[in-house]
Amino acid sequence: MSFNQDFLWGGATAANQHEGGYQEGGRGLSTFDAVTGGGYKVPRLVTYKNVDGSIGKVPVDSTMTGQVPVHTTGTILEDTFYPSHNATDFYHHYKEDIALMGEMGFKCFRMSISWSRICPDGRYQVNEEGLAFYDAVFDELHKYGIEPVVTINHFDMPMYLADHYDGWSSRKLIDFFLFYARTIFTRYKDKVKYWMTFNEINVLSGWCQIGVHDNSPQNLYQAHHHIFVASARAIQLGHEINPENKIGMMVAYTPSYPMTCKPEDVLEALQFNRQKTFYMDVQCKGYYPEYKQKEFEREHIVIKMEDKDLETIQAGTVDFIGFSYYMSTVSSTDPDVERTEGNQFLGCKNPYLTTSDWGWTVDPLGLRIALNQIYDQYHLPMFVVENGLGAPDQMEEDGSVHDSYREEYLRNHIKAMKDAVDLDGVDLMGYTPWGCIDIVSAGTGEMKKRYGFVYVERYDDGTGDFSRRKKDSFYWYKHVIETNGEEI
Ligand code: BG6
């Protein structure tokens, strides 16, 4: 048998894409509340207010510096549709969603806590109703024998911290985050054992994800230094509060292959891959690697550190490595090579592989390669906490959804994980396919791009009553879990 008997089969979502209830239960505003829907190649926009009261909109992934003054505040406009306000309404459907997970036989559910539901403006005030909501969610999960796996921060933050502190540019964020982390570690001490500090730490940027108005390398690396220190201190704190806690990092892992064996292409791929390994080196090995220090020198990037920061980073390394894997990419120094979309970046097109409807390369073998690359370097338990195919599922008149393409995608990736375990001996803890219940896409803000085993009747024009339907893949995945991945 490939996978351990206690292998954590499950699924994953995040608060800003699944939860909704944005003004309910005492929740404060979060950055993603001011982000509109978008579409394929149509950017999502942040709506903001200038100091003089005038309104502006700016694409999520652009740097806001130079386009809007720093002293702007995210704002919600009445005539605008914001998908995260309701998302797919886990807030009101959590019992139904968890029952469906129970029916599939989930052993775990990866979800995130909305920071502004716990600390409405991000500072030192706690919203009891928010804490009680997650108590109810965790209790419901345990009723079905499902272990919560909690991402403490998944791509959003209290809007107040972005607007008034310039987000993670400010060192003060470390204390605010630790207050939030202490609150939830303490409250859920007996309910949650698996944690991850920051989702996809290696891609964090911009106002929505980390509250910064300036995406220059100098400012981003400074913000990331604060995030590293906050994460390391949270890990120490989480272990103090409950020594049983397993606390991991989470990285977006997209391995890059050289386009040719030309050494320049090989070096290009190596450098692309270091954009991930840098974050793993800091969080798993506990130091800033030499290649990054040299880059900082070359680029005149100076990170302001306090005396004990490096010791803190060294002392707060992770227990496991969580990562998302959707695709591989290709690196080339030739500017004329065709490019294709990817998970938050543009890479070269791989002539040997197909792509999804959103241009993401489909490469199951790349997952085996990723598992080996990571394990070779860090020798820590690994957890594939996101993987899946975004596709425009169609619901038939009788409510059925025939998504055999999703089964095929997941089957091939599970096969790759099995090979990595059986043939290569990697240490794999679990697998949580992304968006197990349909959610709003993070990149495009669409409902059209669906990942789930469960279809949610919610559409991009804001219609839909949020009813849930089991797709064909629901029954397939249930069987996969029942046979512990032996029959896929
Ligand atoms: C990961 C994120 O980058 O990819 C998720 O952690 C996101 O939040 C997922 O939803 C898929 O991306 P998208 O753009 O298809 O939603």
Side-chain angles (χ1 to χ4, degrees), residues 1-12 105-110 146-151 192-202 231-232 235 238-239 242-255 273 276-287 289 314-326 328 363-388 410-434 480-481 483-486 488:
M1 180 143 318
S2 318
F3 300 112
N4 292 334
Q5 278 310 326
D6 56 359
F7 190 77
L8 290 167
W9 293 102
F106 276 24
K107 311 287 183 219
C108 76
F109 172 47
R110 174 183 175 229
I146 301 173
E147 203 62 61
V149 177
V150 171
T151 317
V192 180
K193 192 165 75 189
Y194 297 99
W195 303 87
M196 278 172 283
T197 50
F198 291 89
N199 182 64
E200 293 191 337
I201 188 165
N202 56 322
S231 176
I235 288 167
H239 286 146
N242 183 359
E244 301 281 294
N245 276 337
K246 302 272 175 245
I247 312 176
M249 67 170 297
M250 194 318 199
V251 63
Y253 202 90
T254 304
N273 288 327
K276 301 177 278 294
T277 47
F278 163 55
Y279 292 85
M280 298 163 89
D281 286 343
V282 175
Q283 295 202 285
C284 303
K285 295 182 175 165
Y287 69 92
Q314 180 76 66
T317 54
V318 296
D319 299 323
F320 67 91
I321 300 174
F323 70 96
S324 61
Y325 177 84
Y326 292 91
S328 61
D363 180 14
L365 189 55
L367 178 53
R368 178 171 168 200
I369 294 168
L371 284 161
N372 277 280
Q373 286 175 340
I374 298 171
Y375 199 58
D376 284 354
Q377 284 195 61
Y378 304 101
H379 256 263
L380 282 171
M382 290 175 293
F383 198 158
V384 179
V385 294
E386 283 185 37
N387 173 237
L410 295 174
R411 178 183 302 114
N412 293 336
H413 285 78
I414 294 172
K415 168 85 173 69
M417 292 191 312
K418 271 167 86 81
D419 287 347
V421 171
D422 279 349
L423 306 177
D424 308 320
V426 306
D427 182 357
L428 187 59
M429 296 162 61
Y431 179 59
T432 54
W434 181 243
V480 170
I481 298 177
T483 61
N484 198 24
E486 287 302 300
I488 55 175

Trainee: Among residues at least two apart in sequence or on other chains, which ones pass side-chain contact (heavy atoms from CB on, under 4.5 Å) with A416?
Mentor: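 So A416 forms a side-chain contact (heavy atoms from CB on, under 4.5 Å) with L367, R368.
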Trainee: Answer yes or no: is there a side-chain heavy-atom contact under 4.5 Å between M280 and F323?
Mentor: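 No. Closest side-chain heavy atoms not under 4.5 Å.
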Trainee: Tell me whether the rings of F383 and F320 are parallel (<30°), tilted (30 to 60°) or perpendicular (>60°).
Mentor: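 It falls in the tilted class, 30° to 60°.
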Trainee: Is there a donor-acceptor pair under 3.5 Å between the side chain of R411 and the backbone N or O of I488?
Mentor: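 Confirmed, R411 side chain pairs with I488 backbone.
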Trainee: Looking only at heavy atoms, what is the nearest atom pair of G485 and K418, with distance?
Mentor: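 The pair with the smallest heavy-atom distance is O-NZ, 3.0 Å.
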Trainee: Which atom names give the shortest non-hydrogen contact between V192 and N245, and what distance separates them?
Mentor: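 Looking at all heavy atoms of both residues, the closest pair is O-OD1, 3.4 Å.
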Trainee: For the backbone of Y326 and the side chain of N387, can you confirm whether one donor and one acceptor N or O come within less than 3.5 Å of each other?
Mentor: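 Side chain of N387 to backbone of Y326: no pair is present.
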Trainee: If you draw the axis of the six-membered ring of Y253, does the NZ or CZ of K276 fall within 45° of it and under 6.0 Å from the ring centre?
Mentor: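 Here K276 passes the 6.0 Å and 45° test against Y253.
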Trainee: Could you report the tightest heavy-atom contact between T317 and C284, atom names first, then the distance?
Mentor: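 Closest pair (atom of T317, atom of C284, distance): CG2-O, 3.5 Å.
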Trainee: Mind listing the closest non-hydrogen atom pair of I235 and G316 along with its distance?
Mentor: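 Result for this residue pair: CD1-O, 3.4 Å.
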Trainee: Going by heavy atoms in the side chains, are V251 and E200 under 4.5 Å from each other?
Mentor: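 No, every pair of side-chain atoms sits at 4.5 Å or beyond.
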Trainee: Would you call E147 and K107 a side-chain contact if the rule is heavy atoms closer than 4.5 Å?
Mentor: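 No; the side chains remain at least 4.5 Å from each other.
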Trainee: Evaluate the side-chain proximity of M196 to I247: yes if any heavy-atom separation is below 4.5 Å, no if none is.
Mentor: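 SC-SC contact between I247 and M196 ruled out.
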Trainee: How long is the gap from CG on L365 to CD1 on I369, to the nearest 0.5 Å?
Mentor: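 Here the interatomic distance stands at 4.5 Å.
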Trainee: Answer yes or no: are there more than 12 heavy-atom neighbours, outside K285 itself, under 6.0 Å from its atom NZ?
Mentor: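 Yes, because the 6.0 Å sphere around NZ of K285 holds more than 12 heavy atoms from other groups.
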Trainee: Given side chains that start at C-beta, do those of Y194 and V150 come closer than 4.5 Å, heavy atoms only?
Mentor: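 Y194 does not reach V150 side chain to side chain.
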Trainee: Does the side chain to side chain contact (heavy atoms under 4.5 Å, CB included) test come out yes or no for M249 and V282, once each step is laid out?
Mentor: CA-CA 10 Å; M249 67 170 297; V282 175; over 6 Å; no
Trainee: Mark yes or no for whether N412, through its side chain, and P364, through its backbone, hold a donor-acceptor pair below 3.5 Å.
Mentor: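 Not at all, since once roles are kept as given, no pair shorter than 3.5 Å links the two residues.
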Trainee: Closest heavy-atom contact between A370 and Y325?
Mentor: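 Heavy atoms only, the tightest pair is CB-CD1, 4.3 Å.
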Trainee: Measuring from L371:CG to M382:CE, what's the distance to the nearest 0.5 Å?
Mentor: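 Going from the CG atom of L371 to the CE atom of M382 covers 4.5 Å.
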Trainee: Pairs under 3.5 angstrom only: tabulate donor-acceptor contacts from the side chains of residues 2-10 to other protein residues two or more places apart or in another chain.
Mentor:
residue	atom	partner	partner atom	Å
S2	OG	D422	OD1	3.3
S2	OG	D422	OD2	2.9
W9	NE1	N484	OD1	2.9

Trainee: For the residue pair R110 and M250, establish whether any side-chain heavy-atom pair is separated by less than 4.5 Å.
Mentor: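 Yes - at least one pair of side-chain heavy atoms lies under 4.5 Å apart.
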Trainee: When you compare the side chains of T277 and Q377, does any donor N or O come within less than 3.5 Å of an acceptor on the partner?
Mentor: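 Looking only at side-chain atoms, Q377 and T277 do not form any donor-acceptor pair under 3.5 Å.
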Trainee: Measuring from M429:CE to I321:CD1, what's the distance to the nearest 0.5 Å?
Mentor: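 Between M429 CE and I321 CD1, I get 11.0 Å after rounding to 0.5 Å.
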Trainee: Going from CG on L423 to CG on N372, what distance comes out if it is rounded to the nearest 0.5 angstrom?
Mentor: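 Answer for the CG-CG pair, L423 versus N372, is 9.5 Å.
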Trainee: For V426, is there any backbone N or O sitting under 3.5 Å from a side-chain donor or acceptor partner on D424?
Mentor: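 No: the side chain of D424 does not pair with the backbone of V426.
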Trainee: Measure the shortest side-chain to side-chain distance between F198 and S231 over non-hydrogen atoms and say whether it is less than 4.5 angstrom.
Mentor: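 They are in side-chain contact.
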Trainee: Which residues pass the side chain to side chain donor-acceptor pair (under 3.5 Å) test with W434, not counting sequence neighbours?
Mentor: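 Side chain to side chain donor-acceptor pair (under 3.5 Å) check on W434 returns nothing, list empty.
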Trainee: Donor-acceptor pair, D363 side chain versus S328 backbone, under 3.5 Å?
Mentor: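 Looks like no, no N/O pair under 3.5 Å.
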Trainee: Could you tell me if D427 and H379 have a donor-acceptor pair between their side chains, going purely by distance under 3.5 Å?
Mentor: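 There is no such pair between these side chains.
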Trainee: For the residue pair G105 and I481, what are the closest heavy atoms and their distance?
Mentor: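 Nearest pair, atom of G105 first, then I481: O-CG2, 3.3 Å.
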Trainee: I'd like to check S324 versus V385 (side-chain heavy atoms, cut-off strictly below 4.5 Å). Are they in contact?
Mentor: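 Result no, sub-4.5 Å side-chain heavy-atom pair not found.
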Trainee: Does any donor atom in the side chain of T432 or E386 lie under 3.5 Å from an acceptor atom in the other side chain?
Mentor: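 No, E386 and T432 have no side-chain donor paired with an acceptor closer than 3.5 Å.
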